[in-house]
Q: 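One structure, as structure tokens, below. Some questions next.
Here, residue 1 is the first one in the sequence, and each next residue gets the next number.
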Amino acid sequence: MANDSGRGRFVWYDLRTTDQAGAQAFYTAVVGWGTEVWNGMGLPYTMWTVGGRTIGGMMQLPPAATARGTPAHWLAYIGTPNVDATSKQAVSLGAVLVMPPTAIAPIGKFSVLRDPAGAIFAMFTPEGNGLPEPAAPGVGHFSWHELATRDVDAAFDFYQALFGWEKDRDMDMGAMGTYRLFRRDGAQLGGMYKISPQFNMPPSWTQYIHVADIEATAASIPEHGGTVVLPPNDVPGHGRILMASDPQGGFFAAHQP
């Protein structure tokens, strides 16, 4: 499998939560993930696994964050060949640096930013010779990435400048406006849409998990303490989706192609 710099690819997913044991019980039951503990940072860090392969991790929200009212949340990491240079570029384009480039030996370096509209995302540069290019996301993997924002054109221009994303096409959603699909190297990664004034929500990223049976997933979420926010819905040409929150309030979505 060829390696690449990972530029523009979603390469890791962190859950920042208030209850690691509760979150672990929820996602292992509802999504079927395995877990693996890593102590490389001097702090217990639980990694999510699918078929023995790590796809993301989980860590406790620090007391300072919870004191500020920061809720449990998912954070996606996007690959870049040089996190220092790309972080500077992002700031020059209007982003705010939330966490400066930080090394995690011997894994790589990451930073956390707030885009010009306010959505939080992270960037990652691996140590060594790049990242293996993955196959199409299977069950249990994250399969879609969706940005709710104030201005789709401005948001797309920002991320395109950083990561080279390509516009796939715009879908007319009627009263809901335009839904812009974006891709990398010809493969769709996700979509962007403008937040309707009637919804009181901040700009944010939502990550979709590929599931085998979305109805079974919808039934399992409340059984294990979560909340279904949007029940299973058809998306023409893309399958079925739902949106939910875990017992600690972490927002996520599920996708059955």
Q: Should the pair K109-D84 be classified as a salt bridge under the 4.0 Å nitrogen-to-oxygen rule?
A: yes
Q: For the NZ atom of K88 and the CG atom of L97, what is their distance to the nearest 0.5 Å?
A: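 Rounded to the nearest 0.5 Å, the NZ-CG separation comes to 11.0 Å.
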Q: Evaluate the criterion side chain to side chain contact (heavy atoms under 4.5 Å, CB included) for residue pair Y27 and W48; output intermediate values, then yes/no.
A: CA-CA 9 Å; Y27 287 101; W48 304 112; 3.9 Å; yes
Q: Hey, could you give me the OG1/CD distance between T17 and Q248, rounded to the nearest 0.5 Å?
A: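 Those atoms lie 4.0 Å apart.
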Q: In Å and rounded to the nearest 0.5 Å, what is the CG to OH distance from L75 to Y77?
A: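 So the CG of L75 and the OH of Y77 are separated by 5.0 Å.
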Q: Can you tell me how far the CD atom of Q207 sits from the CD atom of E146, to the nearest 0.5 Å?
A: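 Q207 atom CD to E146 atom CD measures 9.5 Å (nearest 0.5 Å).
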Q: Starting from the C-alpha separation in whole Å, work towards a yes-or-no answer on side chain to side chain contact (heavy atoms under 4.5 Å, CB included) for E215 and Q256.
A: CA-CA 9 Å; E215 296 294 343; Q256 179 186 343; over 6 Å; no
Q: Describe, in one word, how the ring planes of W205 and Y159 are oriented to each other, choosing from parallel (under 30°), tilted (30 to 60°) and perpendicular (over 60°).
A: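 Because their plane-to-plane angle is over 60°, the rings of W205 and Y159 count as perpendicular.
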Q: Relative to the ring of F182, is the ring of W165 parallel (under 30°), tilted (30 to 60°) or perpendicular (over 60°)?
A: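 W165 vs F182 ring planes: parallel.
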Q: Verify whether the ring centers belonging to H145 and Y13 lie closer than 6.0 Å.
A: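 When the ring centroids of H145 and Y13 are compared, they turn out to be within the sub-6.0 Å range.
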Q: Hey, could you give me the OH/CE distance between Y193 and M171, rounded to the nearest 0.5 Å?
A: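 That separation rounds to 14.0 Å.
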Q: Measure across A244 and I221 and return the closest heavy-atom pair with its distance rounded to 0.1 Å.
A: CB-CD1, 3.7 Å
Q: Any chance you could lay out the side chain to side chain contact (heavy atoms under 4.5 Å, CB included) test for F124 and I107, step after step, and finish with the verdict?
A: CA-CA 10 Å; F124 177 75; I107 308 300; 3.8 Å; yes
Q: Does the R184 side chain pair with the main chain of R7, one donor and one acceptor, at a distance under 3.5 Å?
A: yes
Q: Under the criterion side chain to side chain contact (heavy atoms under 4.5 Å, CB included), I'd like the reasoning laid out for L147 against D115: C-alpha separation, chi angles, the key distance, then a yes or no.
A: CA-CA 11 Å; L147 177 65; D115 74 18; 4.2 Å; yes
